J.: 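So that we are looking at the same thing, I have put the structure below in C-alpha cells.
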Protein chains: 2
Amino acid sequence: MTQNPSADVRLSTMRKYVHGYSAKESSRLSDQAGTLTKLLHADTHYPPGTRILEAGCGIGAQSLSLCRSSPESTFECMDISRASLVEARRLAVAQGVDNVSFRQGDIYALPYRTESLDHVFVCFVLEHLSNVEKALSEFKRVLKSGGTLTVIEGDHGSYYCHPKSLAADLVVQCLVKLQADAGGDALIGRRLYPLLAQAGYSNVVVSPRMVYVDASRPDLVEGFTRKTFTAMVKGVKDQALTFGLIDERTWDQGIADLNRTARRDGTFCYTFFKGVCAKP
Amino acid sequence: MTQNPSADVRLSTMRKYVHGYSAKESSRLSDQAGTLTKLLHADTHYPPGTRILEAGCGIGAQSLSLCRSSPESTFECMDISRASLVEARRLAVAQGVDNVSFRQGDIYALPYRTESLDHVFVCFVLEHLSNVEKALSEFKRVLKSGGTLTVIEGDHGSYYCHPKSLAADLVVQCLVKLQADAGGDALIGRRLYPLLAQAGYSNVVVSPRMVYVDASRPDLVEGFTRKTFTAMVKGVKDQALTFGLIDERTWDQGIADLNRTARRDGTFCYTFFKGVCAKP
C-alpha cells in the first residue's frame with residue numbers, strides 16, 4: 001500500500017516491462033528505430049508551434065527523429081523509467097536536438113493539465129500496458145479539443161517467415177505469452193482500430209506498415225530480421241526457460257531457424273500498425 | 001497411360017484445382033478481382049506492341065483489367081480448362097475487350113515457341129501447381145531474352161484477424177492442407193523471391209500487397225473479408241469434412257468467427273505477394 005495509488009501502477013509497469021532495461025536492449029531499440037524510421041515516421045510532420053507529448057519515450061529511440069523532422073514544434077517526452085530518461089537526455093544533447101524536454105511521469109496519471117496539448121504520440125507502449133483503455137482516456141484528457149493522437153504498435157502474430165519453422169513459431173509465442181503474463185498484449189496491432197474508436201476518438205485511420213525482408217534487401221536482413229526481431233526474441237530466453245514455457249533445445253532451434261531466414265533463400269515478414277485519430 | 005504425357009498432367013491439374021469450377025466460384029473470382037485490381041495491378045502497364053501470355057487465366061478475372069490498362073498490347077490468355085475459357089471469352093466480348101485471344105494449353109508444356117513472348121503474367125496459379133519449378137522453367141523458355149515475368153500469389157499463413165479465433169485458424173488450415181494434398185502450396189507467397197531467384201531469373205523484386213480491413217473500409221469488409229476470403233474458405237467445406245480434417249461444429253464456428261471479423265469492432269489482414277523479374 002502507498003499513499004499515491006499511481007506509484008503502485010508505476011512500479012508494477014516498470015517491473016513488468018518484458019524486454020528489460022539492459023544496455024543490450026538499449027542498443028536493440030536504437031537499431032530498431034534506425035531501420036524503421038522511414039516506414040513508421042515518414043508521414044509524420046507537425047506544424048510549427050505544435051506542443052507534443054510523447055508518452056513512454058523510453059531512451060528516446062523514436063523521439064529524436066520526430067524532433068528533427070518537425071524542428072519548430074516542442075516535444076515533451078515522458079517515461080516512467082528515470083534511467084531511460086537519463087539516456088534519452090544524453091542522446092538528445094549528443095545529437096544537438098534542442099526542441100525537446102524530458103520528464104518522469106505515469107502514463108495512467110499524466111503530469112499535464114487537461115486540454116493542454118496539441119498532440120500525443122505513443123510508440124511501442126500500449127502493448128505493454130494492462131489497462132490500455134485508461135491510458136487512451138488519459139491521452140484524451142490532456143489533448144485540446146481537435147487535438148490528435150498517433151499510436152504505433154507491432155503485432156507478433158503478424159510474423160511469418162520462410163523457411164517455415166514450428167520451433168521459431170514456438171519461440172515467438174513465448175514472447176507473446178510473457179507479454180500477456182505481464183498484463184500486455186503483443187498482438188495489439190490488429191486491435192488498434194477498435195481500441196481507438198471505442199475510446200471515443202474520431203476520424204480513426206489505421207494503416208499497416210509491413211516489413212518484408214528478402215535477400216535483395218540486405219539492410220533489412222541485418223537491421224530488422226537479425227538486429228530487431230530476432231534480437232528482441234532472444235532477449236527473453238531466460239524468462240521463457242524460467243517460466244517453463246519452452247525447453248532449451250526447442251528454444252535454440254527456434255532462434256537458429258529465425259537466423260536461418262536471414263540467409264539468401266529466406267524471407268521474413270512483420271507488420272506494424274499506425275493509428276491516427278482526433279479528440280472530438 | 002496416354003500417348004501424350006502432358007495430357008496426364010493436364011487432367012490431373014484440373015481435377016485437383018481445390019476451389020472447383022462452380023458458378024459460385026466464378027462469381028467469387030470476379031468479386032475478388034474487382035476488389036483487388038488496384039492493389040495488385042495499378043503498377044502494371046505494358047508498352048505498346050508488347051506480346052503478353054497470361055498463363056492460367058481461368059475465367060479471365062484478372063485478364064480484362066490488364067487488357068484495358070495496356071490497350072496497345074496483345075494478350076494471349078491460356079488455361080487448361082475449356083469451360084473457364086468459354087466464360088473468359090464471353091466476358092471479353094461482353095466488355096468489348098478486343099486485344100486478347102484465348103487458347104487451351106498446359107502450363108508445363110506451353111503451346112508457344114521458344115523466345116517468342118515479351119512478358120508472362122501469372123496470378124493465383126503457382127499456388128496450385130505440384131511442380132512450380134517446371135512451370136517457371138517453361139515461362140523462361142518462351143520468354144525472349146530480356147523478357148519479363150510477373151507472378152502474383154497469396155499466402156494463407158499471412159491471414160490474421162480480430163477477434164482472434166482458434167476455430168477460424170483451424171478452418172483456414174483446412175484450406176492449406178487441402179491445397180497441399182492436391183500438390184499445391186497455399187503458403188507460396190513468402191517463397192516467391194527464392195523461387196524466382198533459384199529458377200534463374202534476374203532483377204527479382206518481390207513486393208507485398210497487404211489487405212488491411214477495418215470498419216472504416218466498408219468496401220473491403222464486403223468485397224474482401226466476406227466475398228473473397230471467407231467465401232473462398234467456405235467453398236471447401238465438403239472436402240474438409242469428407243477428408244476428416246475438421247468436425248462440422250468447429251467448421252461452422254470458424255466460419256462464424258471469420259464473419260464476426262466483419263463487424264464494427266473486427267479487423268482482418270491478408271497479404272499478397274507480387275514478384276517481377278527478367279529472363280537474363
Side-chain angles (χ1 to χ4, degrees), chain A residues 39 153-166 168-169 176 180 185-199 201-217 220-221 260-261 263-277, chain B residues 39 153-166 168-169 176 180 185-199 201-217 220-221 260-261 263-277:
Chain A
L39 182 74
E153 298 291 340
D155 188 314
H156 294 355
S158 74
Y159 129 87
Y160 51 101
C161 61
H162 174 73
K164 198 168 156 53
S165 154
L166 178 59
D169 292 350
V176 175
D185 178 7
L187 311 177
I188 198 171
R190 70 187 74 181
R191 292 205 294 134
L192 225 42
Y193 179 86
L195 278 172
L196 296 173
Q198 285 160 3
Y201 290 92
S202 60
N203 303 319
V204 181
V205 175
V206 172
S207 57
R209 312 285 163 118
M210 181 172 172
V211 184
Y212 164 71
V213 189
D214 65 30
S216 71
R217 307 171 190 228
L220 285 174
V221 171
R260 168 73 184 78
T261 71
R263 301 224 311 247
R264 281 209 65 76
D265 60 348
T267 63
F268 190 91
C269 300
Y270 188 91
T271 299
F272 297 93
F273 292 81
K274 180 171 184 171
V276 181
C277 56
Chain B
L39 182 73
E153 298 291 341
D155 188 312
H156 294 354
S158 74
Y159 130 88
Y160 51 100
C161 60
H162 174 73
K164 197 168 158 56
S165 154
L166 178 59
D169 293 351
V176 174
D185 178 8
L187 310 178
I188 198 172
R190 71 188 76 182
R191 292 205 292 136
L192 226 43
Y193 179 86
L195 278 170
L196 296 172
Q198 285 160 4
Y201 290 92
S202 60
N203 303 319
V204 181
V205 176
V206 172
S207 57
R209 311 285 164 118
M210 182 171 172
V211 184
Y212 163 72
V213 189
D214 64 31
S216 71
R217 307 171 190 228
L220 286 174
V221 171
R260 169 73 185 80
T261 71
R263 300 223 312 247
R264 280 209 65 77
D265 60 347
T267 63
F268 190 91
C269 301
Y270 188 91
T271 299
F272 298 93
F273 292 82
K274 181 171 186 172
V276 180
C277 55

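None of the values given here were measured: they were computed from a predicted structure. Every chain is numbered from 1 and lettered A, B, ... according to where its sequence line falls, protein lines coming before strand lines.
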J.: For residues A:S158 and B:Y160, determine if any side-chain heavy atom of one lies less than 4.5 Å from a side-chain heavy atom of the other.
T.: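 Of all side-chain heavy-atom pairs linking B:Y160 with A:S158, at least one is under 4.5 Å.
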
J.: Which heavy atom of A:Y193 sits nearest a heavy atom of B:D214, and at what distance?
T.: CD1-OD2, 3.2 Å

J.: For A:D265, which residues count as a salt bridge (charged side-chain N to carboxylate O under 4.0 Å, His left out) partner, sequence neighbours excluded?
T.: A:R260

J.: Which atoms of A:L192 come close to chain B, meaning under 4.5 Å heavy atom to heavy atom: side chain ones, backbone ones, both, or neither?
T.: neither

J.: Looking at residues at least two apart in the chain, or sitting in another chain, which of them share a side-chain hydrogen bond (donor to acceptor under 3.5 Å, both in side chains) with A:S202?
T.: none

J.: In terms of heavy-atom proximity below 4.5 Å to chain B, should A:Y159 be classed as side chain, backbone, both, or neither?
T.: neither

J.: Given a strict heavy-atom distance threshold of 4.5 Å, which part of B:L195 is in contact with chain A: side chain, backbone, both, or neither?
T.: neither

J.: Side chains of B:P194 and A:T267: does their closest heavy-atom pair fall under 4.5 Å?
T.: yes

J.: How many angstroms lie between OG1 in A:T271 and CE in B:M210, if you round to the nearest 0.5 Å?
T.: 4.5 Å

J.: Rounded to the nearest 0.5 Å, how far apart are CZ of B:R264 and CD of A:Q198?
T.: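 Going from CZ on B:R264 over to CD on A:Q198, the span is 10.0 Å.
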
J.: With a 4.5 angstrom heavy-atom cut-off, could you sort out which part of A:R217 is near chain B: side chain, backbone, both or neither?
T.: side chain

J.: Out of A:P208, A:G266, A:G157, which one racks up the most heavy-atom pairs below 4.5 Å with chain B?
T.: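 Looking at each option in turn, the highest pair count goes to A:P208.
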
